[in-house]
Amino acid sequence: MCFLNSSILQIANLLQWQIIFLLISVVSLGVEPVDKDVIRQPPRNVKDSILTRSLIVKILVSSLTIVSGTLFVFWRELQDNVITPRDTTMTFTCFVFFDMFNAWSSRSQTKSVFEIGLCSNVMFCYAVLGSIMGQLLVIYFPPLQRVFQTESLSVLDLLFLVGLTSSVCIVSEIMKSLERRKEKIPKQSKSFLDV
């Protein structure tokens with residue numbers, strides 16, 4: 001029972017730490033530079049829902065990517081059936097990195113991250129850098145290691161996590177590209193007589 005309480009406290013501490021840094025990155029998205037193409041789009045019908053089918057699909061796909069990737073890391077680390085500080089460190093670092101890549105790709109619903117500029121929102125870059133630095137402190141700074149019960153990770157561990165967690169950004173970019181390509185295809189008429 002003592003182990004269970006310790007694990008719950010550790011998870012609560014890590015989640016609290018994660019929420020603080022996630023909020024910082026979300027707030028920085030509020031100062032994203034204005035998309036100059038907005039003026040070219042027709043006004044949205046007031047009867048249309050803000051949550052479009054396309055947006056819901058994007059949310060579900062990114063959520064599924066994040067959850068399955070994080071569970072995969074936890075499963076991979078839990079091969080000995082004992083929860084260790086390494087297991088939780090890898091899992092929560094995975095979750096933090098997924099959130100950072102997801103926030104990066106969520107800066108625009110339609111434009112590629114590379115199209116709008118990786119660092120066009122300086123506040124966002126600072127927020128992501130702060131989140132990563134905070135996570136690295138939790139992993140490598142001994143006083144925080146004791147508080148959060150984490151363990152140092154190797155460079156190979158971090159490279160593995162960056163490779164895996166970047167998948168949420170890659171999937172999002174592919175979906176945006178397919179959506180833009182679909183919008184460029186002219187709609188076919190209902191009848192071959194309509195010219």
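By convention here, the first residue in the shown sequence is residue 1. Values below: every heavy atom of this structure, side chains too, minus hydrogens, waters and symmetry copies.
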Quiz prompt | side-chain hydrogen bond (donor to acceptor under 3.5 Å, both in side chains) partners of residues 62-81, not counting sequence neighbours, each pair once | solution = E77-R86
To the closest 0.5 Å, what do you measure between [atom1] ([X]) and [atom2] ([Y])?
X    : Y    : atom1 : atom2 : value
D99  : C94  : CG    : SG    : 9.5 Å
L153 : L161 : CG    : CG    : 7.0 Å
S167 : F101 : OG    : CZ    : 9.0 Å
I59  : L51  : CD1   : CG    : 6.0 Å
K176 : I174 : NZ    : CD1   : 12.0 Å
I132 : F97  : CD1   : CZ    : 6.0 Å

In the single-linkage hydrophobic clustering (I, L, V, M, F, W, Y; side-chain heavy atoms under 4.5 Å), do [X] and [Y] co-cluster?
X    : Y    : result
V155 : L164 : no
F141 : V147 : yes
F72  : V168 : yes
L159 : F95  : no
V162 : V113 : yes

Return the minimal non-hydrogen interatomic distance between [X] and [Y], and the atom names on each side.
X    : Y    : result
Y140 : L158 : OH-CD1, 3.4 Å
L118 : R107 : O-NH1, 3.2 Å
S152 : Q145 : OG-NE2, 3.0 Å
T93  : Q135 : OG1-NE2, 2.9 Å
T150 : V138 : OG1-O, 2.5 Å

Self-check item: salt bridge (charged side-chain N to carboxylate O under 4.0 Å, His left out) partners of residues 123-132, not counting sequence neighbours, each pair once
Solution: none
Exercise. Check whether the side chains of Q149 and T88 place a donor and an acceptor atom closer than 3.5 Å, and report yes or no.
Key: no
Quiz item: Are a donor atom and an acceptor atom from the side chains of E173 and S112 found within less than 3.5 Å of each other?
Solution: yes
Heavy-atom side-chain proximity of [X] to [Y] below 4.5 angstrom:
X    : Y    : answer
F124 : W104 : yes
I56  : T52  : no
C169 : N102 : no
K58  : E179 : yes
M90  : F160 : yes

Quiz item: For M175, which fellow cluster members are found when Ile, Leu, Val, Met, Phe, Trp and Tyr are connected by side-chain heavy-atom distances below 4.5 angstrom, either directly or through intermediates?
Solution: V57, V61, V171
